[in-house]
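What follows is a short report on a single structure.
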Amino acid sequence: MSNIIGITMGDPCGVGPEITVRALAEMGDADRADTRIYGNLPTLEAARMALNVDIDLVPYVVDLPIEGAPLPWGTLSPVAGDAAFRFIEKAVRDAEADLIGCVVTAPINKEALNLAGHHYDGHTGMLRSLTQSAAAYMLLASERLKVIHVSTHVSLQEAIGRATTERVLATIKAGNDHLKRTGYAAPRIAVAGINPHCGENGLFGTEDDEQIAPAVAAARAEGIDAYGPISADTVFHRAYSGAFDLVVAQYHDQGHIPIKLVAFDTAVNVSVDLPIDRTSVDHGTAFDIAGKGIANHGNMLEAIAYARKLVSGGRAGALQGAQA
């Protein structure tokens, strides 16, 4: 596997170019040599000027054209949405060719992406399509809480329908495999219930008994140290306190809310079960502050650190107490 990481700069009108440039500027020489930025050089230069950073970007940029670049900061633009897609597409192809070992993505704007004709629900769905993968799972990793999702960018009604025994089991297995890869010998995996108090024996719904419990039993039968379903109003606190290494969340907000409460600036978004490795910041394009040179790049540093661990073999506990 290549040791080079490829950072896609995200939507050209958002904070992605700034947090990417600042992260590159703070790297040591060795790490910088193992970094490529998939983006647009005029846009990155505009970000560099906004940051007042003195660094030669040219050796590290895979420059892809954008008509009219640099585009105005903080604007919703189909041109920017198309550019963001092309940055990711190029990085994915280079990862498939082992020219880079991991893709690190800065934030994109889903509305701009769709206005440009690229109809995806976000990075994960796009990456699944580009790599022709049968499945991909979103795992949010922080130092003390890690969450993998059965479903993400769908309505709550659709999420309930997607919480089938087969899909929950597949999510448990994907999370277990990833944690083993990153240093856990026997991951302790908690599976959150979907209804209040896991349905109270059918009083508040039967999905937990009929769909989720059988998935946990099947996972345990395969030797996975899985528990549940456990009521979602307690399971995240228990995991944060050290009882579990990973929580399987049944839908987007169930998993995102606790992570963003305890690790808003440090959580890393990891795509699991793809043929390539990908990490990402866990925040949006922040159009309101784009171009002002004030965006917090801490989350990008965490995503890069996680990517470095993956390309180096992932054995040093990329998920374990490493601010990942």
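In this text the structure is predicted, and so the values were computed from the model without any measurement.
Judged purely by distance below 3.5 Å, without hydrogens or angles, the side chains of Asp208 and Asn195 pair a donor atom with an acceptor atom. Between Arg278 and Ser271, the side chains place a donor N or O and an acceptor N or O closer than 3.5 Å (distance only, hydrogens not considered). Of the N and O atoms on the side chains of Thr131 and Ser133, at least one donor lies less than 3.5 Å from an acceptor on the other residue.
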Worked check of salt bridge (Lys or Arg N to Asp or Glu O under 4.0 Å) between Asp177 and Arg181: CA-CA 6 Å; Asp177 289 346; Arg181 178 186 172 194; over 6 Å; no

Residues Arg188, Asp245; criterion salt bridge (Lys or Arg N to Asp or Glu O under 4.0 Å); working and verdict: CA-CA 5 Å; Arg188 300 164 299 164; Asp245 303 309; 2.9 Å; yes

Audit row: Arg86, Asp82, salt bridge (Lys or Arg N to Asp or Glu O under 4.0 Å) steps and yes/no: CA-CA 6 Å; Arg86 289 187 287 112; Asp82 180 66; 3.1 Å; yes

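A pairwise comparison of heavy atoms in Ala116 and Gly81 identifies CB-C, 3.9 Å as the closest pair. Here the closest heavy-atom approach between residue Gln250 and residue Val150 is recorded as OE1-CG2, 3.5 Å. In this structure, Ala136 and Arg128 approach most closely via the heavy-atom pair N-CD, 3.9 Å. Annotation for Thr165 and Glu210: closest pair OG1-O, 3.8 Å, computed over non-hydrogen atoms. Here the shortest heavy-atom pairing between Gly101 and Asp277 reads O-CB, 3.9 Å.
Every side-chain contact (heavy atoms from CB on, under 4.5 Å) that Arg22 has, sequence neighbours left out, goes to Glu26, Leu51, His297. Phe287 meets the ring pair (Phe, Tyr, Trp, His ring centres under 6.0 Å) test with no other residue; sequence neighbours excluded. Residues passing the side chain to side chain donor-acceptor pair (under 3.5 Å) test with Tyr120, sequence neighbours excluded: none. Contacts of His149 classified as ring pair (Phe, Tyr, Trp, His ring centres under 6.0 Å), with partners at least two apart in sequence or in another chain: His256.
Within the structure, every pair that satisfies the salt bridge (Lys or Arg N to Asp or Glu O under 4.0 Å) test and touches residues 37-56, not counting sequence neighbours, is listed here: Glu45-Arg48.
For the pair Arg220 and Tyr227, the cation-pi criterion (under 6.0 Å, within 45° of the ring axis) is fulfilled.
The closest donor-acceptor contact from the side chain of Thr285 to the backbone of Pro107 lies at 3.5 Å or more, if one exists at all. Using a distance-only test at 3.5 Å, with no hydrogens or angles considered, a donor-acceptor pair links the side chain of Glu18 to the main chain of Gly291.
Each of Thr124, Asn269, Ile148, Val147 was scored for a side chain to side chain contact (heavy atoms under 4.5 Å, CB included) with Leu139, with one residue passing: Ile148.
With a 6.0 Å radius and a threshold of 12 heavy atoms from other residues, nucleotides or ligands, Asp288 has its CG atom above the threshold. With a 6.0 Å radius and a threshold of 12 heavy atoms from other residues, nucleotides or ligands, Lys260 has its NZ atom above the threshold.
Linking Ile, Leu, Val, Met, Phe, Trp and Tyr residues whenever their side-chain heavy atoms come within less than 4.5 Å leaves Leu301 and Val104 in two separate clusters. A single hydrophobic cluster is not seen to contain both Leu203 and Ile160; linkage of ILVMFWY side chains at heavy-atom distances under 4.5 Å, directly or through other members, places them apart.
Grouping Ile, Leu, Val, Met, Phe, Trp and Tyr by side-chain contacts under 4.5 Å, direct or through others, puts Val15 with Ile289, Ile294.
The shortest side-chain heavy-atom distance between Leu71 and Thr43 does not fall under the 4.5 Å cut-off.
Atom OH of Tyr184 is separated from atom CG of Asp225 by 13.5 Å, given to the nearest 0.5 angstrom.
Aromatic ring orientation, His153 versus His252: tilted (interplanar angle from 30° to 60°).
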